[in-house]
Amino acid sequence: MGTRNLPFKIILGSSSKARKEILAEMGYEFTVVTADIDEKGIRRKKPEDLVIALAEAKADAIIQKLLAGENSLKEDTLATLLITADTVVVYQGTIREKPTSKEQAREYIKGYSGGNAAVVGSVLITNLKTGKRCGGWESAEVYFLEIPDEIIDAVIDEGVTFNVAGGLMLEHPLTLPFVDAVVGSTDTVMGLPKALTEKLLLEAL
């Protein structure tokens with residue numbers, strides 16, 4: 001799919017490889033600007049509220065970063081739409097973010113083995129010209145076959161598990177064969193629900 005000729009610019013506020021790939025698959029050209037926020041400092045009881053709050057905090061931090069830069073956001077003739085997103089895994093009613101140790105990563109993945117987990121993902125579009133914000137969330141369920149210990153060890157040793165919510169990359173070649181079923185959209189699990197993103201981009205204009 002080729003890139004589209006758009007009446008607006010896009011900034012992706014994420015360093016996630018999966019999110020970059022999904023947005024490129026959708027045919028969009030974009031620049032990437034990331035923000036370091038203290039994700040642990042933002043707490044909400046409901047996963048849906050948490051992922052929206054985190055996407056908003058990322059957007060706020062990126063806007064501050066852009067305003068501190070040389071280029072003024074207001075001078076641009078084209079509207080610039082900033083996409084921020086967040087994903088958490090919910091396992092047996094508990095919200096899981098990125099694992100912080102090998103032990104925690106192992107505990108997470110062993111729990112999914114032969115079981116299931118829900119993924120809740122948010123998308124927030126901020127129109128940097130008008131300040132308008134449109135956000136939403138989607139969820140999906142992932143069902144797993146038994147995952148052998150040696151596969152769990154190999155995934156953890158590779159280190160990629162520490163960069164993803166719940167320590168789980170659906171599309172990882174080691175874990176993909178053990179995914180039994182996904183109820184909902186795969187791109188929600190990977191971090192950027194396509195249909196929701198398209199809808200919100202249009203709404204934010």
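- Proximity of L66 to I11: side-chain heavy atoms (C-beta onward) are separated by under 4.5 Å at one or more points.
- Residues T197 and R19 bring no donor and acceptor atom of their side chains to less than 3.5 Å of each other.
- Using modelled atom types and a 3.5 Å distance limit, the side chains of E198 and Y28 yield a donor-acceptor pair.
- When all heavy atoms of F30 and K20 are compared, the closest pair comes out as CZ-O, 3.5 Å.
- Side-chain atoms of T126 and L81, non-hydrogen and from C-beta on, never get closer than 4.5 Å to each other.
- Here F144 and F178 keep their ring centres 6.0 angstrom or further from each other.
- L168 and V88 fall into different hydrophobic clusters, where Ile, Leu, Val, Met, Phe, Trp and Tyr residues are linked whenever their side-chain heavy atoms come under 4.5 Å apart, directly or through other members.
- Among the candidates T34, L82, I37, D36, the single residue satisfying the side chain to side chain contact (heavy atoms under 4.5 Å, CB included) test with K58 is I37.
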Check your understanding: Passes salt bridge (charged side-chain N to carboxylate O under 4.0 Å, His left out), R106 versus D153? Steps please.
Key -> CA-CA 8 Å; R106 186 170 285 105; D153 289 342; 3.0 Å; yes

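- The heavy-atom pair separating I10 from I83 by the smallest distance is CG2-CD1, 3.8 Å.
- Checked against the 6.0 Å centroid threshold, Y112 and Y91 count as a close aromatic pair.
- Between I152 and K110 the shortest side-chain heavy-atom distance falls below 4.5 Å.
- Considering all non-hydrogen atoms of both residues, A57 and I42 come closest at CB-CD1, 3.4 Å.
- Tested against K194 for a side chain to side chain contact (heavy atoms under 4.5 Å, CB included), the candidates T186, D187, V123 yield a single pass: D187.
- When each of T188, V119, N116 is paired with V142, the side chain to side chain contact (heavy atoms under 4.5 Å, CB included) condition holds for V119 and for no other.
- A salt bridge links D157 with K102; the closest basic N to acidic carboxylate O contact falls under 4.0 Å.
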